[in-house]
Chemist: 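The structure is given below, and queries will be raised subsequently.
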Amino acid sequence: MLDINFIRENPDAVRENIKKKFQFHKLPLVDEVLELDKKRRELQQEGDSRRADRNKFAKSIGSLMREGKKEEAEAAKEASKANNDRVAEIEKESSEIEVVLKKALCSIPNIIADDVPIGKDDGENVQGEVFLKAEPKPFEVPYHVDILERLNGIDLDSARRTSGNGFYYLTGDIARLHSAILTYARDFMIDKGFTYCIPPFMIRSDVVSGVMSFEEMDGMMYKIEGEDLYLIGTSEHSMIGRFMGQTIPESSLPLTLTSYSPCFRKEKGAHGIEERGIYRIHQFEKQEMIVICKPEQSDEWYEKMWRYTVELFVSLEIPVRQLICCSGDLADLKYKSCDVEAWSPRQGKYFEVGSCSNLTDAQARRLGIKYKNEKTGKNEYAHTLNNTVVAPPRMLIAFLENHLQADGSVYIPEPLRKYMGGIDKIAVK
RNA sequence: GCAGAGAUGGCGGAGUGGUCGAACGCGCACGACUCGAAAUCGUGUUACGUAGGAAUACGUACGGGGGUUCGAAUCCCUCUCUCUGCGCCA
């Protein structure tokens, strides 16, 4: 969500930005917004002066009553009523305009960073840095479910019976490995100075509609029957919701938080939900990082954040690369975004294991997340960023494929061993 | 879950239909006094929107939403949260 004042002053920059994102159908929105904004301000001016009149009437009626001038007071009441009718009309009209304006404003994409590659869709995303050498295995790498089953680490049949497609039982050493990865990731982020946080796993509808559009909500969120509660799709929802409408003291910025939560997603219409396995599922767990900072700090934090994820994967000896999101693939709120992708020796390509985004002030403006600028004394919108630290079980796929040995066992890299009771491999049962 | 009480500015806390953006106190900022400080005295101190170069003016906001009224912090409805007691429970 852009600042209406910015659009008013820089309509061409806004149009140029829309073109860069190949959203030509949204170009008319700029003029629509300018028009609505003009109308809105006109209405406000008339409304304000009418309301000023209402206040004057009310005051004079008050003093007339006290002086006992009954008839004059009644006459003033009549006059006031007529004025109030007009106020009501204006209020109705303004609130209608407000709704349309807000919707249009939310559809206009955030200004993207200068260094975002221009491209139509995800096919034009650009490879960034590459870490560790991506190599094929000297033997055939089976599908991850087969690896898991051979290690006695998964029970999909039972999960289908109890919960349906898109759920899983992880068992034994694999379940332990899953927890070990999360615990390691948690400690990894704490060591980077982040504050560990366990948020609510359910949030109210007003928070949901604050953090996402109706379409996203419909496609992702599970609603609790009979309650005004939804299961979170990511801890970002409750982590960012925590700061809705809040003004944060400048001295406590940047807020660097790492949160754990299970994530629940309907994945309505999503590609791959029918696929057997744990790549796309209705429930998974995730360690996330959230940064809320001053505007001048967000570029720096963005760089740091995706590199932390890379560092974590590299420490677990999993080859990864950065994939820079091109303009057309960038969600509307994002200024800049990249995925961290892990190497799949089975498929001979990289696949997404995390996503890092700088939303600048777009999300903060929408949700009213501000900080008090001590220098100017003004409240200003903060910048928000989020990134995946690690999300098993998806990450498990990369882990298993990369650490599978010729004998069918799976190698455990050193940093994880202390969370696995000291073992250095998971052997075939 | 039941019963009762409550939610007001950065904090404490008045205010039960008009003169209330809100007494008073604390805090904070500036000034005076002082070599300097404390104490004291004085002045100022909410946010957001609109107009304006600015000073400023007007509007909105007393947990959220809705209603009654010419006029609502104050009355009514509703939701949320907090406290106390009872009940239940990892």
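Order of the sequence lines fixes the chain letters, A, B, ..., with proteins taken first and strands second; residue numbering starts at 1 for each chain. Keep in mind that what you see is a predicted model, and the values were worked out from it rather than measured.
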Chemist: Measure all distances between protein nitrogen or oxygen atoms and nitrogen or oxygen atoms of nucleotides 78-82 of chain B, and list the pairs falling under 3.5 Å.
Modeler:
from: U80(B); atom 1: O3'; to: R204(A); atom 2: NH2; distance (Å): 2.6
from: C81(B); atom 1: OP1; to: R204(A); atom 2: NH2; distance (Å): 2.9

Chemist: Can you list everything that forms a side chain to side chain contact (heavy atoms under 4.5 Å, CB included) with S60(A)? Sequence neighbours excluded, please.
Modeler: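 Testing S60(A) for side chain to side chain contact (heavy atoms under 4.5 Å, CB included), a comparison that skips the adjacent residues, returns none.
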Chemist: Has the side chain of R186(A) got a donor or acceptor atom that lies under 3.5 Å from a matching backbone atom of Q287(A)?
Modeler: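 No, the answer is negative, given that no donor and acceptor are paired below the 3.5 Å cut-off.
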Chemist: Which pairs, with at least one residue in residues 142-176 of chain A and sequence neighbours excluded, count as a ring-ring contact (aromatic ring centres under 6.0 Å, His included)?
Modeler: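 Checked against ring-ring contact (aromatic ring centres under 6.0 Å, His included) - neighbours excluded - the pairs reaching residues 142-176 of chain A are F167(A)-H282(A).
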Chemist: Show, in sequence, the C-alpha distance, side-chain angles and deciding distance for Q23(A) and D332(A), and conclude whether the side-chain hydrogen bond (donor to acceptor under 3.5 Å, both in side chains) test is met.
Modeler: CA-CA 10 Å; Q23(A) 299 183 345; D332(A) 285 350; 3.0 Å; yes
Chemist: In whole Å, what separates the C1' atom of G13(B) from that of G9(B)?
Modeler: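 After rounding to an integer number of Å, I get 11 Å for this pair.
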Chemist: In whole Å, what separates the C1' atom of A5(B) from that of G21(B)?
Modeler: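 Pairwise C1' distance, A5(B) against G21(B), rounds to 27 Å.
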Chemist: P atom, C62(B) versus G10(B): distance in rounded Å?
Modeler: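 Taking atom P in both C62(B) and G10(B), they lie 14 Å apart.
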Chemist: Do K103(A) and V100(A) have side chains that get closer than 4.5 Å, going by heavy atoms?
Modeler: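 When only atoms from C-beta onward are counted, V100(A) and K103(A) do not touch, as no gap falls below 4.5 Å.
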Chemist: Any sub-3.5 Å donor-acceptor pair from D37(A)'s side-chain atoms to V33(A)'s backbone N or O?
Modeler: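 The answer is no, because no donor-acceptor pair under 3.5 Å joins these two groups.
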Chemist: Say we look at G12(B) and G71(B): how far apart would their C1' atoms be, to the nearest angstrom?
Modeler: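 After rounding to an integer number of Å, I get 31 Å for this pair.
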Chemist: Taking D31(A) first and then R15(A), would you say they form a salt bridge - that is, a charged N and a carboxylate O separated by under 4.0 Å?
Modeler: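 The answer is yes: the pair qualifies as a salt bridge.
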Chemist: Using a 3.5 Å limit on both pairing distances, list the dot-bracket string of RNA chain B from the 5' end; Watson-Crick and G-U wobble pairs count, crossing pairs take [ ], interstrand pairs take |.
Modeler: ((((((((.[[[..)..(.....]]]((((((.......))))))((((((....)))))).[[[[[..)....]]]]])))))))....
Chemist: Pick the C1' atom in C81(B) and in G63(B), then give their distance to the nearest Å.
Modeler: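 Those two atoms are separated by 8 Å.
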Chemist: Mind checking side chain to side chain contact (heavy atoms under 4.5 Å, CB included) for D115(A) and listing every partner two or more places apart, or none if nothing turns up?
Modeler: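 Checked D115(A) against side chain to side chain contact (heavy atoms under 4.5 Å, CB included); matches are A113(A), K336(A).
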Chemist: On a whole-Å scale, what distance lies between the C1' atoms belonging to A7(B) and C79(B)?
Modeler: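 To the nearest whole Å, 14 Å.
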Chemist: Given the P atoms of U43(B) and C24(B), what is the spacing between them in whole Å?
Modeler: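 The same atom, P, in both gives a distance of 12 Å.
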Chemist: Is T171(A) reaching over with its side chain to a backbone N or O of N152(A), donor-acceptor style, under 3.5 angstrom?
Modeler: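 Such a contact is found between T171(A) side chain and N152(A) backbone.
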Chemist: If I pick the P atom on G59(B) and the same atom on G4(B), what distance separates them, to the nearest angstrom?
Modeler: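 It comes out at 41 Å once rounded to the nearest Å.
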Chemist: Does the pair K92(A)/E96(A) count as a salt bridge with the N-to-O cut at 4.0 Å?
Modeler: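 Between E96(A) and K92(A) there is a salt bridge, with a charged N closer than 4.0 Å to a carboxylate O.
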Chemist: Just verifying a value: how many Å separate C356(A) SG and I324(A) CD1, rounded to the nearest 0.5 Å?
Modeler: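 Spacing of SG (C356(A)) from CD1 (I324(A)) equals 11.5 Å.
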Chemist: Using a 4.0 Å heavy-atom cut-off, write out nucleotides 48-70 of chain B from 5' to 3' as B (base contacted by protein), S (sugar-phosphate only) or - (no contact).
Modeler: SBSS------SSS---------B
